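See structure below.
Given the structure is predicted, the values throughout are model-derived calculations rather than measurements. Per chain, numbering begins at 1; letters A, B, ... match sequence-line order.
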Amino acid sequence: MKTKEVVLTGNQAIARGFYEAGGLVAASYPGSPTVDIMESIKRNYDEIYSEFSTNEKVALEVAIGASFAGARAMASMKHVGVNIAADPLMTFTQTKINGGFLLVTGDDPGMSSSQNEQDNRIIGKFANMAILDPSNSQEAKDFTKIAFSLSEEYSTPFMLRITSRLCHSRSKVKLEKREERDITGFNGDLSDYCMVPPNTYKKQYVMKDRIEKLKQAAENMDINILEEGNNKDVLIITSGLVYNNLKELGLDISIYKLGMVYPLPIEKIKQLAKEYSKVIVIEEMMPFIENELKINGIDCEGKKYFSFTGELSTEDIEKGLFSAGVIDKLKYKENDEVKTVQRLPMFCSGCPHRPVFDILKKSRKKVIGDIGCYSLAALYPLEVLDTIISMGASIGILKGMTKALNMKDKGEPLVAVIGDGTFFHSGMPGMVNMLHQMEDGENMTIIILNNGTTAMTGGQHTASSGSYAEEDDMNVNMVKLINSMGFDRVKVVDQFKYKEAKNIINEEIKYPGLSIVITTRPCALKFKIKETHFYVDPKICIGCRSCVKTNCPPILMKEYEGFDKLKSSINSDMCVGCSVCAQVCPVGAIKRSE
Amino acid sequence: MINKNIILAGVGGQGLVLTTKLICEAALKAGYDVKSNDVIGLAQRGGRVWGSVRIGKKVYSPNIPPKSGDILLALEPLEGLRWSGILKEKAKVIINISKIPPAHVMAEKEKYPGDIEERLSKKYDVITINATDEGKLLGTPKVANTILVGIMAKYLDIPMDIWEEAIKENVPSKYIDTNMKAFKKGYDM
């Protein structure tokens, strides 16, 4: 039978690789660029138990448990997610591996959708894991499978580092059958799994030893590939998508392409380095491979010619090689520069965040932001948020800022906004912490934007999705939860009743203590609003632009025949009928169509 | 067929990812090597999104190198203009002329450019259609992109039956007929 060949994204290929490897349990927390690994498992592979856990730490722990029981297990997350999971990770990597274990990290060079650009190869090494770095979808699948067999053979947890470009890039993949595997169950020696002293003493040597063994194995590993050119002047060492961007140049040059970027085949590279007059490392972000080579006494260059930040495109690589003197002319011209109006992302038509941020903008108070679709409120034209750091950080920051200001008599009403996904992810400890030394006069308002989904990553469930979608298995009652934590001033608002919501939010901002406002409207993208659309009556419209300022996609000022002034208009194809614009209109010019 | 570099540009929510996938799968079925990029970023509507598909005998990078685009599929005119800098001279530019104003235009801080077709026609071979309106006539504006793909198909060496198969496998079953009509509408233009 002919092998079936399909086109898959890097994410889908990892899901397929896990399936073919006989993977049993996979867990994740949604975060771009790796969201579709778990989505793809859910869509395609019933044989696998998969979950979007409440955060990355829990996801990692679920995978650890399955691995302890002898199952091949995978946790996938975006690069900053590994920070959340770092606590169990750093200790887990000391244990004996029973079922093969893979952590997939989605790094984001260029930060297309992330709050920082951390290079997780550093964390992989820090945690004593071996790291694989695929260059296309076929390798994403193959390396996933290789990771499981090596993980078991060397009793080492593996990291698969993939970058955002590759996660979303499609390329050809040959499909193979799933390897059905039984599990051993958990029968381990407690000294291998209870990570307390003195058990941990010997584990330091175990970790050192297995990385040494993998280093030996790397010397002949067939995923580290040498391509010899005729030119013996330069050897390029690279990995991942950068390899393909380099190949695009069509140079007659020698390339050592690493499939495993930690530990490195140092002896092999030492030998190779003797054959060439110069070794150049091309890698995105930090000089990870370059530093490893230098630590081991191998003379090489890298970041001297290539940017420390962002992606390395074919033309960036060409320019770097030109400045290194490896090539003597540039093939690619610059793109034509096209100057035009910018386009920023905005809240969807009918988005339940819109009225809340319209109200907050009018309140002119400082607002501590968090991670979610509502981070957009930092952008033009809303520009309501004053800080955004990391998942769940708004609550702690609100408290610290309030305390410091009050201690020097500079207190002012402060607001924090946090979505339900972020609240369950890591906002809850901050909430409980709020109960420390609550003092009179600390004016804090926390608005929980409970839209029932992790909207920014495409609508995965959260712990409170069950209240909007019956098929979701989790249904934590947000109001009861907040009450049982010990907060008594809790207001629930329907933000599509604009005036009522505005009154409540402003009252709570005024209240000189801690108050919590919970909004109730679900995400407009996941739980579609299907109301009839609104239209503007130009005879009534006074052109005040109150509706335009809500920044809703269908609303635009336009010329009407017979009117001198511009009047508002609503594109009926885009309007979903949420009614917020009609409610902010001071003259009743916006009406619902029949 | 010699290598073709296709760039897609539009606004979040226009179905660019599905369109990219459709082209990739048709290319694979026709026996080519293929690599694509999708917009990498957030799920919200309204932001600028883009994708690329590279088709040929052997494709290394999914990224289109500078000034190497053969075809620009503009799901929205302003976004087409924005990405046109990557095109070769005389490249094909296929534009859905139905406009989606960005936030700065909505707020009257800037004007939506009125000379997009004119500017692009000076350098490239431009084909325009109001695919959104044409789609509505066929039953739903959702098939707008399929009309554009139909127009583009004339410039790619991929047989009609393969396009039909790829459409059947990639669109929701209740929209297969409308998409087929949309594809032919574009192809026969």
Side-chain angles (χ1 to χ4, degrees), chain A residues 5-7 9 32-33 108 112-113 136 164-172 241 243-248 313-315 331-338 340-349 351 373 376 379-381 455-459 525 545 548-549 551 553 555-557 566 573-574, chain B residues 11-13 17 20-21 24-25 27-28 33-48 51-53 59-63 65-69 76 78-79 81-87 98 100-113 116 119 123 132 136 141:
Chain A
E5 200 171 32
V6 297
V7 275
T9 63
S32 184
D108 193 9
S112 59
S113 55
N136 58 28
S164 46
R165 178 73 54 194
L166 208 53
C167 285
H168 297 110
S169 166
R170 289 189 179 78
S171 59
K172 295 203 282 187
L241 182 62
Y243 163 80
N244 277 315
N245 291 348
L246 168 66
K247 287 294 283 182
E248 194 66 37
S313 65
T314 300
E315 55 275 23
K331 181 161 80 169
Y332 294 113
K333 297 182 196 123
E334 298 280 329
N335 279 331
D336 291 352
E337 197 184 344
V338 182
T340 191
V341 189
Q342 61 175 322
R343 186 188 296 274
L344 299 169
M346 58 206 287
F347 291 139
C348 304
S349 296
C351 175
C373 280
L376 281 188
L379 301 181
Y380 179 87
M456 189 164 60
T457 49
L525 204 55
R545 293 163 174 77
V548 173
K549 284 178 189 145
N551 191 231
I555 304 176
L556 188 69
M557 298 303 287
L566 292 178
D573 289 341
M574 293 160 85
Chain B
V11 178
V17 173
T20 309
K21 179 166 181 263
C24 282
E25 294 195 357
L28 175 83
D33 191 11
V34 61
K35 279 190 180 159
S36 76
N37 272 324
D38 279 337
V39 57
I40 46 181
L42 314 175
Q44 296 112 349
R45 301 299 158 99
R48 63 195 178 97
S52 62
V53 184
V59 178
Y60 284 107
S61 174
N63 304 333
K67 302 276 284 174
S68 308
E76 200 276 345
L78 175 61
E79 296 315 304
L81 176 65
R82 192 187 313 284
W83 287 98
S84 61
I86 200 170
L87 294 173
S98 179
I100 303 175
H104 285 81
V105 172
M106 291 165 64
E108 300 164 84
K109 296 284 178 205
E110 291 187 69
K111 283 213 166 11
Y112 192 99
I116 293 177
R119 274 169 78 177
K123 287 189 188 169
T132 308
K136 277 187 211 165

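Ranked by heavy-atom pairs under 4.5 Å with chain B, the list Glu337(A), Lys333(A), Gln342(A) is led by Gln342(A). For the options Pro66(B), Cys24(B), Ser52(B), Ala27(B), heavy-atom pairs under 4.5 Å to chain A are most numerous at Pro66(B). Annotation: maximal heavy-atom pairing with chain A below 4.5 Å, among Arg82(B), Glu110(B), Arg48(B), occurs at Arg82(B). The candidate with the highest count of non-hydrogen atom pairs below 4.5 Å against chain A, out of Asp33(B), Val17(B), Leu87(B), Thr20(B), is Asp33(B).
Shown here for Pro65(B) and Glu315(A), the closest heavy-atom pair between the two residues is CA-OE1, 4.2 Å. When every heavy atom of Ser169(A) is checked against every heavy atom of Ser36(B), the shortest pair comes out as OG-O, 2.8 Å.
Of the two parts of Val548(A), only the side chain, counted from C-beta on, holds a non-hydrogen atom closer than 4.5 Å to a non-hydrogen atom of chain B. Interface remark: Leu166(A) contributes no atoms to any contact with chain B (heavy atom separation under 4.5 Å). Heavy-atom distances place both the backbone and the side chain of Val105(B) under 4.5 Å from chain A. Residue Ile116(B) does not touch chain A at all, counting heavy-atom pairs closer than 4.5 Å. With a 4.5 angstrom heavy-atom cutoff, Glu334(A) touches chain B only via backbone atoms. Within the 4.5 angstrom heavy-atom criterion, atoms from both the backbone and the side chain of Lys21(B) approach chain A.
Side-chain atoms of Val341(A) and Lys109(B), non-hydrogen and from C-beta on, never get closer than 4.5 Å to each other. Between Thr314(A) and Asn63(B) the shortest side-chain heavy-atom distance does not fall below 4.5 Å. Residues Lys123(B) and Asp336(A) have side chains in contact (heavy-atom distance under 4.5 Å, counting atoms from C-beta outward). Two residues are said to be in side-chain contact when any heavy atoms from C-beta on lie closer than 4.5 Å; Lys172(A) and Leu28(B) meet this criterion. You'll find the side chain of His104(B) reaches within 4.5 Å of the side chain of Tyr380(A), heavy atoms only. The shortest distance between side-chain heavy atoms of Val338(A) and Arg119(B) falls below 4.5 Å. At least one side-chain heavy atom of Arg170(A) sits less than 4.5 Å from a side-chain heavy atom of Asp38(B). Residues Leu241(A) and Pro62(B) form a side-chain contact, since some pair of their non-hydrogen atoms from C-beta on lies under 4.5 Å apart.
The OH atom of Tyr112(B) sits 11.0 Å away from atom CG of Leu556(A), with the distance rounded to the nearest 0.5 Å. With rounding to the nearest 0.5 angstrom, the CE atom of Met106(B) is 5.0 Å from the CG atom of Asn551(A).
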Could you go through the side chain to side chain donor-acceptor pair (under 3.5 Å) check for Ser61(B) and Asn245(A) one step at a time? CA-CA 5 Å; Ser61(B) 174; Asn245(A) 291 348; 2.5 Å; yes

For a side-chain contact (heavy atoms from CB on, under 4.5 Å) check, start with the C-alpha distance between Asn335(A) and Lys67(B), then their side-chain angles and the critical distance, and finish with the verdict. CA-CA 5 Å; Asn335(A) 279 331; Lys67(B) 302 276 284 174; 4.2 Å; yes

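A salt bridge links Glu108(B) with Arg545(A): the closest approach of a Lys/Arg side-chain nitrogen to an acidic carboxylate oxygen falls below 4.0 angstrom. A salt bridge between Glu76(B) and Arg343(A) is present, with a side-chain N of the basic residue lying under 4.0 Å from a carboxylate O of the acidic one.
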